[in-house]
Amino acid sequence: MSLIKANKGKITAASLLIALGIIYGDIGTSPLYVLKAIIGDRPISEMLVYGGISCVFWTITFQTTFKYIYLTLQADNNGEGGIFSLYALVRRYGKYLVIPTILGASTLLADGIITPPISVSSAIEGLTNIKGLEHIPTVPIVIAIISGLFFFQRFGTHKVGSAFGPAMLVWFLMLAVLGLFQIVDHPSILKSLNPKYAIDFLTHYPKGFVLLGAVFLATTGAEALYSDLGHCGRKNIRITWGLVKMCLLLNYMGQAAWLMNLRDGTFITGKNPFFEIMPHWFLIPGIVIATSAAIIASQALISGSYTLINEAMNMNFWPRVAVRQPSETKGQIYIPSVNIMLWIGCVLMVLYFKNSSNMEAAYGLAITLTMMVTTYLLSYFLLFKLKWNRILVSALLLLFASIEIAFFVANIQKFPEGGYITILISSIYFFIMYSVYTGRKISNRFTKFVDLGRYVNQINELSNDDAIPRFSTHLIYLTKANNRHEVEEKIIKSIFAKNPKRADVYWFVHIHRTNEPYTLTYDVSELIDDKVIKISIHVGFRVQPRTELYFKKIVQELVQNKELNLHTRPDGSTKYNNEPDFKFVVIEKFLSVENEFALREGIILNAYFQLKYLGLSDEKAFGLDKCDVVIEHVPLVYQPITKIELKRAISHEIK
Amino acid sequence: MKRVTAEPMDEQNGDFVNRKVEILLKNGKRINGFIIGYFKKDIDDLNAPVIKWHLVDEQHLMTFGIDPFGYLIGTIIAQKDILQIKCIDSI
């Protein structure tokens, strides 16, 4: 989430408060629907209530505390977390990590579409507990709140972000106090922490194992918690988690205590224990606080989705789309296309499912896949980066794989009830990411490189040939070649073919994406002094490339260091405009019709080029839209048509 | 005469490009010519191996390997088919 960055190194009251506001929106609002989902339309019994709450406690302990708070938070990539950061850390250690990573990111994004509707709906449905409002239509209210939330994204959250921490603190205190009052009435609920109740529930309660799908909702926010690591730092998260976990458990047990005070065999159909434990006079403030927490949780998911797509884009998993920075706050971004996509998705979810009970049926299935992928990537991190013992890592992998496979099997029951929607959305995300990643790989395999050194004399000759009109003083090409001596053949062709491009200085700029999130460095190598220069700019995977600005800064530094002559214009126009004359050439590939494809390559490459067409143009993507850019189009001939049966017809003389 | 095994990684590309080479294929065939370009497996990876080489005759050395009508000049040889690349002479 991109709100306010806490000082990651320091632990202060303010940094802890910020962590509360940023990290725990998703997991913190789970009490709104978890117990309701576990009980459903089943009669109240000790085995159901004690067993359910015991499962919730042990799930939070194993999955959230042990796996995410203790283990996964260690996998920070220069302070950043999340599935792509983890992938960037370990990708060099495994050949087959990319597909699971795409799968995990797709399912995480898909679940992001259902989190705002379920949180806001659960909170707003509390209104039906107020006398006279029992039949209030909640759907329009939920849609209005969600639409407002998406509308205000473009302005950023810097003005209201500072209120998120205190608001969440009030929320958690409310959870604790409400729960505590109920526990005092039924203190024996504390016995449910004994794992015996969880085991009994899973093994003896009718379809108890399937109910794990509802229990799992208590930990769905753990993955988002890891994604937000970069905003608060590990220490702040670990300290605040103690308080958050206590408040959550008090509330869960309070709800369970209230249930146990009902007669055995009672049905609570239509009632939400979360609101039932509130005193009647507190309902309205309680619903306001719950709605605020749900909005903060939704905001976290929306910002998290921007961050995820931004990382996906920078790691070449997503087509280039416009990214805006709504405020000066570092890391805060707004992606208009993602905003519209999420808004439509969330509104459709509300319209389709109508209430939170129906949404519970769809929620959780996709995120189990994300968690399984995180476990898989985490095992690589522990093994290769932290050099943990192979047996220990295997044991941990086995433990979490068993837990998550059990959750997955339980959640798969949700497929026909609505889970298919998140799986369908995940599949669309997966297809986009897979097509962009694989299409780019295939396309790049047809990029021919040549030795730049072989052409430097010709370039020098062309530069000094007064017979050819000057194209620009500084001519800049963006190159994908990461070695100093090489360049794409199409660039050399662009310089010499048809109308040769004469310039005083030829620059070849390579943007190198690093595995660290915020790198921004460069190196320069001159193949001919002041004539042919290659620059590599190393940009972290969370940084938006601003090639033009970086380039001008580099030129400025080179001139200041007297390493470069700026080459004033020979026509004398410099006295009217002393700005150096830079011209960028961007070469865009398009899929030539002269191709014959196998089915798979055909689908992938067509999807890739279509997605590229829908996305941002190369010059905008590289931050060159404000300068002098020449776009050249070259065909990608992947598999040329070989069998051309073209015969010359016998000409008949016209008499 | 310099001999290099066909394990071309980044900096070694410079050993082959612009030089007259003899390529020994796994099927026993030998091809002489000049390497004017190459294709890499993964351009994002600094150490990615070359997967294909573009070989031309000496008279086509300063072409881009494509004639004015867009047809290929020379041969594209896949790395997997190569047993050894031998540099015969530098230009």
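Here the structure is a predicted model, which means the values were calculated and not measured. Just so we're on the same page: letters track the sequence lines, and every chain starts at 1.
Remark: N27(B) CG is packed, more than 12 non-hydrogen atoms of other residues, nucleotides or ligands lying under 6.0 Å away. Summarising the local packing, CD of E461(A) is surrounded by 12 or fewer heavy atoms from other residues, nucleotides or ligands at distances under 6.0 Å.
Between chain B and the options R513(A), K493(A), H512(A), K441(A), heavy-atom pairs under 4.5 Å are most frequent for K493(A). Per-residue heavy-atom pair counts under 4.5 Å with chain B were compared for R440(A), R92(A), K480(A), and the maximum is reached by R440(A).
Here the closest non-hydrogen pair linking K40(B) and E486(A) is NZ-OE2, 2.6 Å. Between V450(A) and I36(B) the shortest heavy-atom distance is CG1-O, 3.3 Å. Counting all heavy atoms, side chain and backbone alike, F39(B) lies closest to R445(A) at CD2-O, 3.4 Å.
Residues passing the salt bridge (charged side-chain N to carboxylate O under 4.0 Å, His left out) test with K448(A) are E489(A), sequence neighbours excluded. Residues meeting the side chain to side chain contact (heavy atoms under 4.5 Å, CB included) test with A503(A), sequence neighbours left out: S472(A), L475(A), Y506(A).
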